[in-house]
Amino acid sequence: MQNLTEGVARFQRDVFPAKAELFAHLATHHTPDTLFISCSDARVVPELITGTEPGDLFVIRTAGNLVPAHTPEADGISASIEYAVAALNVKDIIVCGHSACGAMTALAEGHDLTAAPAVASWLRHADASIARTTKAGDVDALVRENVRTQLANLATHPSVARALAAGTVTLHGWVYDIPTGNIDDLTASSARTPVTAMITARPSSVAPPQAGEGRLNSVPFSNI
C-alpha cells in the first residue's frame, strides 16, 4: 500500500494543482464522448493508451472485455451501457481486446477452470467467439474474434440498437498489442488498420449472434 499512498501524495502535490481548472469543471460536468469497454487486465489502461484526460472516457472493464448480450434482467454492465448511451449520449463505443489476454488464453488453450467456477461461468459469454475462431489454440485469433463477437453482443442492447438506427453512435473494435503499443482497428476499412492511420473508422455492420450459437468449453484459468 505504501506505493499507493505515496502516489496519492504526488497526485495531490503535483498533478491536481496543475489541472485544478479541469477538476473544477468536472465537479459539475460529466460529458464523456466515448464509452470504452476493455479487459480488467492491469496492463491495459484506457486513459494512458488513448492519451485522454479525466472526464473524456466512460469506462467499463470486464474479464476478457466480455459484453453479455442483452437480457431482461438488469446487471451492472447493461446499466452502465444504457447510461452511457441514453443519458450521456456518447458518440463512440470502443470494445478493446489485447494481446496475451488471460481469459482468451484460458479458452484457447483449454485450461482447467474447475477451481474458479465464477470465472468459468463468466467466460461462457465467449462461447460464440470460440465457435467462430477457425484455428484451435490460436490465442491471437481468438482475441480478435472475441472483439467482433462482443460488438455483436453490444448491438443487442436496446439503447445501443436505437442509437445505431438513429446514426448517433459508432462502434469500434480495437486490439491493443502490449509489447509494441500498436492498436489495430478491426472495424476500419481494412481488416488490420492501425488506429494511428485511421482515427475515424466508420461503423461496421455487426450482426448479433444467432440463438444457440457457440459452445460451452470446460477450460482453465490464467491471468484474467
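Note that the structure is a prediction, hence the values are computed from the model and not measured.
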Chemist: Where is the tightest heavy-atom contact between Val147 and Gly97, given as atom of each residue plus distance?
Modeler: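 Closest pair (atom of Val147, atom of Gly97, distance): CG2-N, 3.6 Å.
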
Chemist: Is the backbone of Asn89 close enough, under 3.5 Å, to the side chain of Lys91 for a donor and an acceptor to pair up by distance?
Modeler: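 Yes, because the side chain of Lys91 sits within donor-acceptor range (under 3.5 Å) of the backbone of Asn89.
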
Chemist: Could you check whether any side-chain heavy atom of Thr50 comes within less than 4.5 Å of a side-chain heavy atom of Leu57, counting everything from C-beta outward?
Modeler: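 When only atoms from C-beta onward are counted, Leu57 and Thr50 do touch, with a gap below 4.5 Å.
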
Chemist: Around Glu21, counting heavy atoms of other residues, nucleotides and ligands shown, do more than 12 lie under 6.0 Å from its CD?
Modeler: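 Open: at most 12 neighbouring heavy atoms sit under 6.0 Å from CD of Glu21.
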
Chemist: Does some side-chain heavy atom of Asp56 sit less than 4.5 Å from a side-chain heavy atom of Pro32?
Modeler: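 The answer is no, as the side chains (C-beta and beyond) never meet within the 4.5 Å cut-off.
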
Chemist: Quick check: does any side chain N or O of Thr105 sit under 3.5 Å from a backbone N or O of Cys101, one acting as donor and the other as acceptor?
Modeler: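 Such a contact is found between Thr105 side chain and Cys101 backbone.
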
Chemist: Of all heavy-atom pairs between Val44 and Ser38, which one has the smallest distance, and what is that distance?
Modeler: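 Smallest interatomic distance, heavy atoms only, reads CG1-CB, 4.2 Å.
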
Chemist: Is Arg162 close to Pro158 at the side-chain level, that is, under 4.5 Å between some pair of heavy atoms?
Modeler: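 Yes. Closest side-chain heavy atoms under 4.5 Å.
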
Chemist: Which class fits the ring pair Phe11 and Phe16: parallel under 30°, tilted 30 to 60°, perpendicular over 60°?
Modeler: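 Aromatic pair Phe11/Phe16 classed perpendicular.
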
Chemist: Any chance you could measure Leu35, atom CG, to Phe58, atom CZ, to the nearest 0.5 Å?
Modeler: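 Nearest 0.5 Å value for the CG-CZ distance: 7.0 Å.
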
Chemist: Roughly how far apart are Thr187 OG1 and Arg148 CZ, rounded to 0.5 Å?
Modeler: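 The distance works out to 9.5 Å.
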
Chemist: When you measure from the side chain of Arg43 to the backbone N and O of Ala100, does any donor-acceptor pair fall under 3.5 Å?
Modeler: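 Here the side-chain-to-backbone pair exists.
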
Chemist: So which heavy atom on Pro68 is nearest to which on Ile77, and how close?
Modeler: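 Minimum heavy-atom separation between Pro68 and Ile77: CD-CD1, 4.1 Å.
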
Chemist: The test is side chain to side chain contact (heavy atoms under 4.5 Å, CB included); show your working for Leu186 and Arg144 and say whether it passes.
Modeler: CA-CA 8 Å; Leu186 305 184; Arg144 303 175 80 81; 2.9 Å; yes

Chemist: Side chains of Leu154 and Leu171: does their closest heavy-atom pair fall under 4.5 Å?
Modeler: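 In short, these two side chains touch, coming nearer than 4.5 Å.
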
Chemist: Side chains of Tyr176 and Ser99: closer than 4.5 Å at any heavy-atom pair?
Modeler: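 Sidechains of Ser99 and Tyr176: no contact.
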
Chemist: Between Val143 and Val175, does the side chain to side chain contact (heavy atoms under 4.5 Å, CB included) criterion hold? Intermediate values first, please.
Modeler: CA-CA 8 Å; Val143 165; Val175 174; 4.1 Å; yes

Chemist: How many angstroms lie between atom CD of Glu145 and atom CG of Asp138, to the nearest 0.5 angstrom?
Modeler: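 Going from CD on Glu145 over to CG on Asp138, the span is 11.0 Å.
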
Chemist: What verdict does the side chain to side chain donor-acceptor pair (under 3.5 Å) test give for His98 and Asp177, after you've listed the backbone C-alpha separation in whole Å, the side-chain angles of each residue and the deciding distance to 0.1 Å?
Modeler: CA-CA 6 Å; His98 67 96; Asp177 187 55; over 6 Å; no

Chemist: If you look at every heavy atom in Trp122 and Ala63, which pair is closest and at what distance?
Modeler: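 Looking at all heavy atoms of both residues, the shortest contact is NE1-O, 2.8 Å.
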
Chemist: How close do Pro117 and Thr114 get, counting heavy atoms only, and between which atoms?
Modeler: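 Closest pair (atom of Pro117, atom of Thr114, distance): CD-O, 3.8 Å.
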
Chemist: Please answer: with hydrophobic residues joined when any side-chain heavy atoms are less than 4.5 Å apart, are Val169 and Tyr83 in the same cluster?
Modeler: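 They do share one cluster, since a chain of ILVMFWY contacts under 4.5 Å joins Val169 to Tyr83.
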
Chemist: Just verifying a value: how many Å separate Thr156 OG1 and Leu151 CG, rounded to the nearest 0.5 Å?
Modeler: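 Interatomic distance, Thr156 OG1 to Leu151 CG, rounded to 0.5 Å: 11.5 Å.
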
Chemist: Any side-chain heavy-atom pair from Leu123 and Val119 closer than 4.5 angstrom?
Modeler: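 Heavy-atom side-chain distance check passes, below 4.5 Å.
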
Chemist: Using atom types as modelled and distance alone, determine if a side-chain donor or acceptor of Ser121 lies under 3.5 Å from a backbone N or O of Ala118.
Modeler: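 Flag not set: sc Ser121 to bb Ala118 has no pair under 3.5 Å.
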
Chemist: For a 4.5 angstrom cut-off between non-hydrogen side-chain atoms, does Leu66 reach Gln150?
Modeler: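 The answer is yes; the side chains approach within 4.5 Å.
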
Chemist: Group every Ile, Leu, Val, Met, Phe, Trp and Tyr by side-chain heavy-atom contacts under 4.5 Å, then state whether Ile178 and Val45 land in the same group.
Modeler: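 Different clusters: Ile178 never reaches Val45 through Ile, Leu, Val, Met, Phe, Trp or Tyr contacts under 4.5 Å.
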
Chemist: So, taking the atom named NE2 in His25 and the one named NE2 in His30, what distance separates them when rounded to the nearest 0.5 Å?
Modeler: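 The NE2 atom of His25 sits 11.0 Å away from the NE2 atom of His30.
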
Chemist: Is the side chain of Trp174 donor-acceptor paired with the backbone N or O of Ile94 at a distance under 3.5 Å, no angle test?
Modeler: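 Checked: no pair found.
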
Chemist: Rounded at 0.5 Å granularity, tell me how far OG1 in Thr133 sits from CE in Met104.
Modeler: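 Interatomic distance, Thr133 OG1 to Met104 CE, rounded to 0.5 Å: 9.0 Å.
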
Chemist: Using side chain to side chain contact (heavy atoms under 4.5 Å, CB included), reason through Ile81 and Ser159 one step at a time and then give a plain yes or no.
Modeler: CA-CA 8 Å; Ile81 291 169; Ser159 58; 4.3 Å; yes

Chemist: Indicate the atoms forming the closest heavy-atom contact of Asn146 with Ala126, along with that distance.
Modeler: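 In terms of heavy atoms, the two residues are closest at OD1-CB, 3.8 Å.
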
Chemist: How far apart are the C-alpha atoms of Val67 and Thr62, what are their side-chain angles, what is the distance that settles it, and do they pass the side chain to side chain contact (heavy atoms under 4.5 Å, CB included) test?
Modeler: CA-CA 8 Å; Val67 181; Thr62 71; 5.8 Å; no

Chemist: Could you tell me if His125 and Asn153 have a donor-acceptor pair between their side chains, going purely by distance under 3.5 Å?
Modeler: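 Asn153 vs His125: no donor-acceptor pair found between side chains.
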
Chemist: Going by heavy atoms in the side chains, are Ile93 and Ile37 under 4.5 Å from each other?
Modeler: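 Ile93 vs Ile37: side chains touch.
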
Chemist: Can you tell whether the side chains of Asp41 and Arg61 come within less than 4.0 Å, N to carboxylate O?
Modeler: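 Salt bridge between Asp41 and Arg61, a charged N being under 4.0 Å from a carboxylate O: no.
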
